[in-house]
Structures are given as C-alpha cells and as structure tokens.
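Have a look at the structure below before the remarks.
Per chain, numbering begins at 1; letters A, B, ... match sequence-line order.
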Amino acid sequence: MRKFPWKQKKMNLNKMQPATEPILGVNSLCKSFLGVKALNDIHFELNKGEVHALLGENGAGKSTFMKILIGLLKADSGSIYFKGEPIENLDVHAIIQKGISMIHQEILMIPELSVAQNIFLAKEVNRAFFIDEQVINQKTETLLRSMGIDIEVSEKAKNLSIAQLQLVEIAKAVSNEAKVIIMDEPSSALSELEVELLFKIIADLKSKGVSIIYISHKMDEIFQIADRITILRDGKYIATKNTKDLDKSGLISLMVGREIKELFTAKELPESEVILKVENLNKKGRFSNINFEVHSGEVLGIAGLMGAGRTEIARAIYGLDNFDSGEIRLKGKKISIKSPKDAIAEGIGYVSEDRKGLGFIPELSVKQNISLSSISAYSKAFLIDKKEEQKAVKQIAEELQIKASNLNKKVKYLSGGNQQKVVIARVLLAKPALVILDEPSRGIDIGAKHEIYKLIRQLTEKGLAVLLISSELPEILGMSDRIVVLSKGKQKITLTQKEASQEKIMHYALH
Amino acid sequence: MRYINKLRHYGIFIVFLAICINLSLISPQFLTISNWTIIITQVSINALLAFGVTFVIITGGIDLSLGSIVAVSGVTAAMLAHPNTYPLIVPILAALFAGLLIGAFNGFMITKSKIAPFIVTLGTMTIGRGLALILSDGRPVSNLSDSFVFIGSGKLLGLPILILILVIMFIICSVILNKTTLGRYIYALGGNEQAARASGIMVTRVKMMVYSISGVLAGLAGILLTSRITTGQPNAGAGFELDAIAAVVIGGTSTSGGKGSIGGTMIGVLLIGVINNSLDLLNVSSYYQQVVMGLIIIGAVVLDSLNQKSNY
C-alpha cells in the first residue's frame, strides 16, 4: 500500500459504454418491518459493466434493499431477476454462487486467518484431505498483484488496516467470479490515495464486464465513477438518471426533496481563552512531538492520511490509550487522565470514528444511551432519578432533533445519522469544555451532516472548544478555524483558515 | 401490571403459565398453597444462585464457582454455629464474607489478568471445593444451634423464612438492576464493553461488583442450605452452578450479555421447580426428569431466538 503509480492519471470512467441487456432487474419490491414500510415499490436495473450508484439519506431503505438483493432478508412482494432468472427466493450462499457479492460496511474477516486463507475460505484447495496452503498463497498473490493491491498474502487479517481489509474483501469478491459487486460505503474508511486505488480497481472490474452497485454519501466520488444514479427516499423509488444529466444540487434536491444551498459555514473567530493545550505528546510508533492548543469557541481541524496518528492522539487525550510522555493542560491546569471517566470529569468529550464499536450500546434505549456518561448526576444515593433523567435527555434530544419517535426505542433500530446524534447527545449532556469529533459525518446522509455542521457552529458560539478530525478535506476546510496537518505521526504544519487549501493540506499530509 | 407487561416479551412466561394451567387440570394437588410452598422452598436456594449469576451473565461473563462457594460458606457457617458458642450473627456474617471473598477474587483475577471468566471461575470452583474440604477436614460439620437451624425450617409471620428471604432478595436484586446506576452500567457493559468504557464507565469496578454480588448471594445460599440440612457438607452444592445458569438462560438472559432480568430468571427458576414438582406428582422417574429439563433449556433458547427474529 505504499506505491501509487496510477495517481498521476485522473480517470474518467463515465465514457465507457454500458451493454444494453440488464444483468439484474428489480420490480415492485416491497418490505415492511412491524407494519412500517421500509421499501415501497422499488425498481432497479443494472447493466453489464455498469457502475450504478444508489443514493438516499439514512433510512431511505438502501441497506434493506441490498440485504434483500443478497438474500439476507426476504421481500414481502416483488421480483428480482438475475440474467433473466428469478432469484428472490434464494439464500445468501446460493446468491454468492450465482455471482452477486457484497462488500459490507463492517468487514467480515476471520482475524486469526491470513489474507490468503480468508480469500479462499470455504473454497480451499485440497490435496489428499489437507489444505494446500502453497497453492492458495500463490493464487492469492497473483490475484492481488493483478488488481494492484500490495498486501502480504500470509499476513493475518487482524494486522491489516480497515482500508487493507476492504481491498481484500473486494479481491475476495473478484475471486468468487462475481458478476455483480455491491459496495456499501467502500470509501468511508479510506484516505484519498486509497480511494484512487479503489477507483482504479473499479475501472478494471468494469472493463471485464463486472457490474457495480455503489452506495456512498460522497457526491464527488459518485460523479467521478457512476454511470447512472438511482435515488431512494423514505423507502420509495424516486428516479434513475444518467450521471451526466445531473449536477450536485440537482442530485441533493432529489435525495432530500428540497434544495440545500450551502453545506459549510466556517467563520473566523477572535483569540480567546485556551481550553486545551497539548505539549510534546509522544507515543512510540504512533506519534511524536505533538503540540497544539484549542481555544474557546474554536474548531481546530486535524488532517492527515489514514495512519497519520489522528485517532491515536484523540484516544490518548481522552484516556482510552496511554502515551509515553508529554503534558495535557485543560484551561491552564495540568491534568492526568487515566481513563475516559477521568477525561469526562475534566470536561473532555469524545465522539469516536468507530460509532458501533465505541459510540453506543445497541441494546439500551436512546434515553439510556444519552444519559450514560452523566447518569450519576441524575442519581441520589445510587438510585437513578428517572424523572430528572427523562427531563435532561428530552431537552438535549430536542436540541439535536433526534428523530426517535420514542426515547425508549433501542438505539440499534435507529439509522446511522440518528445513532450519531445519540452519541453526540451523550457527550454533550456531560457538559464538556472540549469536544473531540472524530469523523463525525462518516457514513451519515447529507441532511444529518448539515445538521451536525450547524450544531458544531452553535456549540462554538457558546464557547465550546472543538477538535475536529476528518478525512474529508472539504469538511476540514469548511469547518476549521485552524488546521493541524499530520503525516506518519508527525505534526507537519498548522495552517490558518486563510492559508489552507486542499492542495496545501495534501502536500503536507504526503510529505 | 407494568411488570407483567415487561415479562410479556419472554415467550417463556406464557409457556410457564400454560404449563401451570395444564397441571392444575391434571392434578388437583398442584394449585394448593401447600404444594406451592414446597415448590418455592425447594427452588429458593437455586433462585439465590440464579439471581447472582444473572448479574454476571448480563455483563457477558459466567460464574462456575457458585456450587463451591455454597460449600465453603456452608462449612464456615456450620463451624461457627455450634450451640452456645457465638451469637447467630457471627456464622452468618462469616459465611457471607467467605462468599464475598471468593467472588471478589474472581472479579479481581478476571479484570487484572484478562483471563476469560470461564477459566477463572473454573479454577475457583476447584479451589473452593478444596477449601471446603480443608476447613472441615473432609467431614460433615454437624451439631448446629437451634437458632441457626431455625433459619432453614422456621416460619415468620406465617411464612417460611426461606421464602421471605427469597422475596427480599428478589426485590433488592430487581432494584439494583432496574433503578441504580450500577444496574445501568451492568447492561451497558454487557451490551458493548468498549463503548461503555468510552462513555466513562469504570469497567473493572463494575465487574468486581457483579462477581462480588454473585459470591455474596452464593454465600447466603450456603447458609440456607446448611441450615436446612442441619450440617455443613463440604461436598454440598456440586453442580448447583449449572442449575442456576440453566434457570437464567430459560429466563431469557442472553449469554452474550446486555440483556436479561431478575424477573425472567425467577420465571426460569420457578419453571424448573414446577416441572420437577409435577413430574414427581405424576410419578415420572427422575431419570426422565433430567431429559425433560435438558429439552426445556434448549427449547427456551430456541424460543427466545425465534422471538428475536420476529422482532427484527
């Protein structure tokens, strides 16, 4: 993953001609959960060698639709044809055999097995009852090289980065001779350079006649690679358009049913009290000599590629990991944080990039999740004062426009955007002076993104200090008052909003 | 009424009611107060163990040392409960403390060494059994004071003391799980340990607490058992942990953590009690009883997973 020879050449995939005969056709698909219509009369068509983007806000029904396509869920009514054959009653295994594979947002790899073993899982090459590891390794090696992926085939999956795992997943789909590959937010965990590699792989697949269903929230990517775009909204089919006939604002208005003028609203702020001061923070192999301060009412952006040490620094400040040396000061006072509990008590909040892993408890209700970090404030003699809890949660939930019809709903049933708001509500309810937002808009729809940007502005107006970590350069540029650029664990430069540009940030991030 | 509603998502509660109605039709003895007194008295010790291990299982852990804690605390209590030696409170406190000590040891090892709870408590299961044999020199400890024996056989306000203790513990455990911060943390920890830690919960402290609670309740069960059988048996309680875990699982608590309730566990305990009782009433051999019990455990989990799917 170090060489990027294709980087120089910008790709234009839109020119390629799709074949006329659809390989996959979906008619009048409906699905309800507990009487609520999740999908209502969905139509979809996929041509051979086509990249077809599927777009919609969270809760629009994309995931349900894809789960039905690959046989994880059964539709209530409607038909799905693959190469002219009905497949709506097949199970996952049979559908993979037919040639439809999905790259899930959550990577499904066996951590203790090697890359090669994972790719050949359940289709091992045997020699007299024993697995022929050599053949598997060779085949994997050939496969990965042909796709331009530079990963050691004998490396265990647990040692790979999320980006690498994602590439291995795609290789696995290719090795299954998939005719249709569904990619669910494939770029959400990738740095800009890795996205370039992904796009090259997609172009290769396309030229070999493989069709791709591409689910993403990132407009730029969709305009770059998609031939056609199908839009869903609230479980309904809205439209299918040729990419070249659409522009950004037209697409957004199809998705949300209304016009969104401006997503970013950054502004300059006067100097104010220093909330967080990080001095000479070091952790061997992760980051070294990190120095920065965040002022009251300021958004300090942290930019860098995957593995630059952004999340590691955030985790160290929040007490999730320890660090080797350095000082952290909050409002001038030196603090020693040994656990997230200490961090919260000092007034630091953290919204993790890993929402499912570190953000919320799926089995607890919206209310119980929101109050989790500050529940002792609503308790007397160990007993929770449920009225006080309800009152506090309700207020913050309203402020954040959390769309859970009922605060007692389990968080696992909410859409990604609403889950993220629940996590932010939990962090804010503990009344922090500094909030670390790590990829706050990852995997959430435009509408919710916009609300989160607005919220960040509101919070800074109230004097909160925000540390914003993001892989999306427009987001970092639009929201941050100043930007620290990291590369390989080192702090390269701190740019003011005026100085910063995408090119400058990339220059230092790659340096 | 709210409680009944809560129990409704346990399909097992309906199964339990159906079995009770059926049995009352088959056997007129079944619905009598005296029969129910017998059932509840019989299940009370398993119930205490099951309450304790419910806390542990909701956090995603397991406690296999319960039976051995029953033996250690039982023997400890018996040795201090000879007539005309110490006041009644001494053997009781000593036995509870013994249970607390082993439970806290479990919690300490699990949190500090990061060894799986299954392994740690498997170890303390054997250690505990050994300690009970060492303390008693391998012999039953008999000659207990009348006041100590009264706990297991006497009545207060017309109710057997065993049942009173069971009711009090049921209420205390329900309150801890539903109304305290500790209870909230237990569910959070079992639902997603990493997120719980990131939310500011002291994960190690909560784990220490649940294993300690489990230990103390097993200590209490040891006292009651010793008092009922009027001897401290170093071999007592073998296999009790499995009955307790079975009751918890039947009651709808997920072994992967994050879900469960004391009410569900109580239903599980009663279901086991009722089945054993009715098979006795119907003169079914105890060999068959074991087969039936095993089928019920598996059936309950299947029922629960079907319920899950239909909820999705």
Side-chain angles (χ1 to χ4, degrees), chain A residues 33-34 67 72-73 314-315 318-320 337-346 348-352 354-365 367-386 389 410-413 419 423 426-427 429-430 432 438, chain B residues 2 5-6 9 55 57-60 111-112 171-210 213 252-261 264 304 307-312:
Chain A
F33 294 111
L34 304 167
K67 277 182 183 162
L72 278 171
L73 287 175
R315 287 177 60 100
Y318 190 61
L320 273 164
I337 289 168
K338 294 193 179 64
S339 70
K341 187 188 167 70
D342 296 344
I344 292 168
E346 295 287 357
I348 301 176
Y350 179 50
V351 177
S352 165
D354 183 4
R355 192 155 61 230
K356 278 219 167 79
L358 288 177
F360 59 87
I361 319 282
E363 285 290 337
L364 290 187
S365 68
K367 178 166 66 186
Q368 289 169 330
N369 265 287
I370 291 177
S371 65
L372 198 57
S373 292
S374 43
I375 190 68
S376 45
Y378 308 104
S379 312
K380 284 172 205 135
F382 302 113
L383 287 180
I384 299 168
D385 185 337
K386 295 203 176 176
E389 183 192 15
K410 284 183 181 177
V411 173
K412 68 175 176 182
Y413 297 123
Q419 286 176 339
V423 176
R426 164 171 67 69
V427 168
L429 195 58
D438 197 349
Chain B
R2 229 180 73 217
N5 258 333
K6 250 186 183 170
H9 14 253
F55 288 87
I57 292 178
I58 292 175
T59 64
T111 51
K112 289 292 164 210
I171 292 169
I172 292 178
C173 291
S174 297
V175 167
I176 291 178
L177 265 185
N178 292 320
K179 304 216 181 287
T180 65
T181 50
L182 176 65
R184 185 68 59 81
Y185 293 166
I186 288 171
Y187 283 110
L189 173 56
N192 182 346
E193 180 167 341
Q194 290 309 314
R197 181 165 171 255
S199 302
I201 293 170
M202 298 297 274
V203 168
T204 53
R205 200 178 291 171
V206 176
K207 284 191 182 173
M208 281 296 290
M209 285 298 291
V210 295
I213 290 172
T253 297
S254 159
T255 46
S256 46
K259 272 191 288 190
S261 70
D304 198 49
N307 232 2
Q308 290 290 316
K309 273 184 198 151
S310 68
N311 276 339
Y312 188 74

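Around CE of B:Met209, the count of heavy atoms belonging to other residues, nucleotides or ligands within 6.0 Å does not exceed 12.
Residues B:Tyr185 and A:Ser376 approach most closely at OH-N, 4.4 Å, considering heavy atoms. Nearest heavy atom pair, residue B:Arg184 against residue A:Lys386, reads NH2-CE, 4.4 Å. When every heavy atom of B:Met202 is checked against every heavy atom of A:Ser339, the shortest pair comes out as SD-OG, 3.9 Å. Taking all atoms of both residues into account, the shortest heavy-atom contact from B:Gly191 to A:Pro362 is O-CD, 4.1 Å.
If you measure heavy-atom distances from A:Tyr378 to chain B, you find no contacts under 4.5 Å at all. For a residue to count as touching a neighbouring chain, one of its non-hydrogen atoms must lie under 4.5 Å from one of that chain's; by this rule A:Ser371 touches chain B with the side chain only. Both the backbone and the side chain of A:Leu383 come within contact range of chain B, judged by heavy atoms closer than 4.5 Å. Only the backbone of A:Phe360 comes within contact range of chain B, with heavy atoms under 4.5 Å apart. Contact of A:Ile344 with chain B is made through the side chain alone, with heavy-atom distances under 4.5 Å.
Put simply, the side chain of A:Phe382 does not reach to within 4.5 Å of the side chain of B:Ile176, judged on heavy atoms.
Side chain of B:Asn192 to main chain of A:Gly357: a donor-acceptor pair is present (N/O by atom type, distance under 3.5 Å, no hydrogens or angles). Counting only distance, with no hydrogens or angles, the side chain of A:Ser373 and the backbone of B:Ser199 share a donor-acceptor pair below 3.5 Å. Not one N or O on the side chain of B:Tyr187 forms a donor-acceptor pair closer than 3.5 Å with the backbone of A:Ile361.
Among pairs with a residue in residues 187-197 of chain B, those fulfilling salt bridge (Lys or Arg N to Asp or Glu O under 4.0 Å) read B:Glu193-B:Lys207, at least two apart in sequence or across chains.
With respect to chain A, the highest number of heavy-atom pairs below 4.5 Å among B:Gly190, B:Gly258, B:Ala188, B:Gly183 belongs to B:Ala188.
One finds the NZ atom of B:Lys179 at 12.5 Å from the OG atom of A:Ser379 (value rounded to the nearest 0.5 Å).
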Worked check of side chain to side chain contact (heavy atoms under 4.5 Å, CB included) between A:Ile384 and B:Thr181: CA-CA 6 Å; A:Ile384 299 168; B:Thr181 50; 4.0 Å; yes
